[in-house]
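Inspection log for the structure reproduced underneath, given as structure tokens.
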There are 2 protein chains.
Amino acid sequence: MAAVETISLATCEQDPALYNERMRAMKDAIELLSGKWKFCILLNLYNYGTMRFKDLQETSTGITPKVLSKELQELEENLLITRTVNNTKPVTVSYALTPHAIETQPVINALVEFGLKHRTKIKGNYLAQPPVGTPA
Amino acid sequence: MAAVETISLATCEQDPALYNERMRAMKDAIELLSGKWKFCILLNLYNYGTMRFKDLQETSTGITPKVLSKELQELEENLLITRTVNNTKPVTVSYALTPHAIETQPVINALVEFGLKHRTKIKGNYLAQPPVGTPA
DNA sequence: CTGGATCCTAACTGATACTG
DNA sequence: CAGTATCAGTTAGGATCCAG
């Protein structure tokens, strides 16, 4: 109970307006990108470029067509991806990132970095002592 | 429908192992930090340093005690915050960030930056033309 | 192949009241 | 002050089926 240090940054405590603006911006971002799949889809598109519906369904392991469809619509409405219907025999649809989607890359990178560090961090701690919520 | 460019990065298509590792890390991070309040709480603690339960309830506008309690427990289990019971008359509890929580700062900053840019971006587009999902 | 329709459940969220 | 208990509403997400 004793050996855990704490930190305090208090970056913009002295500027409430700036703080509120940043808080609102963060809530905007969360509302837009939260959920189980949005970042996953974006990362796939970053990696593979243009993809079709089925490609995304396969790379986003576990997603169902309905959910994928909904996620894609939301991303399109927010101008992060484009949807293009191709004039092929069984109709195909291509999805790709918009230039605006580049703005999400720092978020994705930060999430990945945190995930990598956190996994090693947690691993060690959980081996040393069980998580706090453990019954007894 | 025509004027929207697309981009393609295809950063690590040639290294599936690295890609999968990054994907898993991102999913870890999402599982841990997703939700309506986690980032909000972390940002508050960044800004104000040590806070008590009631402080957090007031700055995280809209949150109920039950939800706040749960979010705090999860953050504590994941070693992002510490919980300290103070020996005061009506007992008080202090919450603070752990050093490990510093790793979340790039994520938070990236989210804030994206939120700021996205708001201006979307504003203009929505004024020019309604979002895609509009009935008619 | 794309993805909508339907149904369903677990989880999240909220309001209120209550206890140590 | 710091929560937990209870009750209730909403929703995200999944399973399955089917249509263009």
Side-chain angles (χ1 to χ4, degrees), chain A residues 1 27 29-42 44-45 48 50-78 81-96 132-136, chain B residues 1 26-27 29-42 44-45 48 50-78 81-96 131-136:
Chain A
M1 186 194 287
K27 288 187 172 178
I30 290 172
E31 188 180 348
L32 205 161
L33 297 169
S34 73
K36 207 170 157 184
W37 300 109
K38 297 262 167 54
F39 282 115
C40 181
I41 292 168
L42 291 176
N44 277 323
L45 288 173
Y48 297 107
T50 298
M51 299 178 78
R52 289 179 315 160
F53 192 86
K54 203 190 170 216
D55 296 332
L56 283 166
Q57 197 181 342
E58 283 166 1
T59 52
S60 310
T61 36
I63 199 170
T64 59
K66 188 188 82 169
V67 174
L68 177 57
S69 176
K70 198 189 109 209
E71 303 286 300
L72 290 171
Q73 281 173 29
E74 290 173 9
L75 288 173
E76 188 188 4
E77 285 174 23
N78 284 294
I81 66 173
T82 57
R83 178 179 184 276
T84 309
V85 180
N86 303 312
N87 206 356
T88 51
K89 181 52 203 321
V91 65
T92 58
V93 179
S94 300
Y95 293 92
V132 179
T134 314
Chain B
M1 186 193 289
M26 201 183 63
K27 287 188 172 178
I30 290 172
E31 189 179 348
L32 205 160
L33 297 169
S34 73
K36 208 169 157 185
W37 300 109
K38 297 259 168 55
F39 282 115
C40 181
I41 291 168
L42 291 176
N44 278 324
L45 288 173
Y48 297 107
T50 298
M51 299 179 77
R52 288 178 311 158
F53 191 87
K54 203 190 169 214
D55 297 332
L56 283 166
Q57 197 180 342
E58 284 165 1
T59 51
S60 309
T61 35
I63 200 170
T64 58
K66 187 182 77 169
V67 174
L68 177 57
S69 176
K70 199 190 110 210
E71 302 285 302
L72 289 172
Q73 281 174 31
E74 290 173 10
L75 288 173
E76 188 189 3
E77 284 175 23
N78 284 292
I81 65 173
T82 56
R83 178 180 184 276
T84 309
V85 179
N86 304 311
N87 206 356
T88 51
K89 181 54 202 318
V91 64
T92 58
V93 179
S94 300
Y95 293 92
V132 179
T134 314

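Owing to the predicted nature of the structure, the values given are computational and were not obtained by experimental measurement. Each chain gets a letter, A, B and so on, in the order the sequences are listed, and its residues count up from 1.
- Going from atom CD of A/Glu31 over to atom C1' of C/dC12 covers 16 Å, rounded to whole Å.
- Closest approach to the B/Lys70 side chain among C/dC12, C/dC1, D/dG13 is made by C/dC12 (side chain taken as heavy atoms from C-beta onward).
- Here the C1' atom of nucleotide C/dG3 and the CD atom of A/Glu74 are 15 Å apart, to the nearest Å.
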Seminar exercise, completed: In B/S/- notation (B base, S sugar-phosphate only, - none; protein heavy atoms under 4.0 Å), nucleotides 14-20 of chain C written 5' to 3' is BS-----

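- Computed from coordinates, the B/Leu72 CG to D/dT4 C1' distance equals 14 Å when rounded to whole Å.
- The side chain of A/Lys54 lies closest to C/dC1 when the candidates are D/dG3, C/dT13, C/dC1.
- Put simply, CE on B/Met51 is 11 Å from P on D/dA2, counting in whole angstrom units.
- Across the protein-nucleic acid pair, A/Asp55 atom CG and C/dC1 atom P stand 10 Å apart, rounded to whole Å.
- Across all their heavy atoms, B/Ile81 and B/Leu45 have their closest contact at CG2-CD1, 3.7 Å.
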For residues 34-41 of chain A, please give each side-chain donor-acceptor pair under 3.5 Å, one per line with the distance, not counting sequence neighbours.
from: A/Ser34; atom 1: OG; to: A/Ile30; atom 2: O; distance (Å): 3.1
from: A/Lys38; atom 1: NZ; to: A/Glu74; atom 2: OE1; distance (Å): 2.7

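- To the nearest angstrom, P of D/dA2 lies 15 Å from CD of B/Glu76.
- The listed nucleotides are D/dA2, C/dC1, C/dG3; the one nearest the side chain of B/Arg83 is D/dA2.
- Look at A/Tyr95 and you won't find any side-chain N or O under 4.0 angstrom from OP1 or OP2 of C/dC1.
- Every side chain to side chain contact (heavy atoms under 4.5 Å, CB included) that A/Val91 has, sequence neighbours left out, goes to A/Val85.
- B/Thr61 is linked by a side-chain hydrogen bond (donor to acceptor under 3.5 Å, both in side chains) to nothing, counting only residues two or more places apart in sequence or in another chain.
- Look at CG on B/Leu56: it is 9 Å from P on D/dA2, rounded to the nearest Å.
- Contacts of A/Glu71 with the nucleic acid, taken as non-hydrogen atoms under 4.0 Å apart, involve only primed sugar atoms and P, OP1 or OP2.
- The nucleotide whose nearest atom lies closest to any side-chain atom of B/Ser69 is, among C/dT2, D/dG3, D/dC1, D/dG3.
- In summary, of the residues considered (B/Thr50, B/Leu56, B/Asp55), a side chain to side chain contact (heavy atoms under 4.5 Å, CB included) with B/Tyr95 occurs for B/Leu56 alone.
- Distance from the side chain of B/Gln73 is smallest to D/dT4 among C/dT2, D/dT4, C/dG4.
- With sequence neighbours excluded, the residues that form a salt bridge (charged side-chain N to carboxylate O under 4.0 Å, His left out) with A/Glu58 are A/Lys54.
- Atom CD in A/Gln57 sits roughly 9 Å away from atom P in C/dT2 (whole-Å rounding).
- For A/Asn86, the side chain to side chain contact (heavy atoms under 4.5 Å, CB included) test picks out A/Thr84, A/Thr88, A/Thr92, A/Ser94, with sequence neighbours left out.
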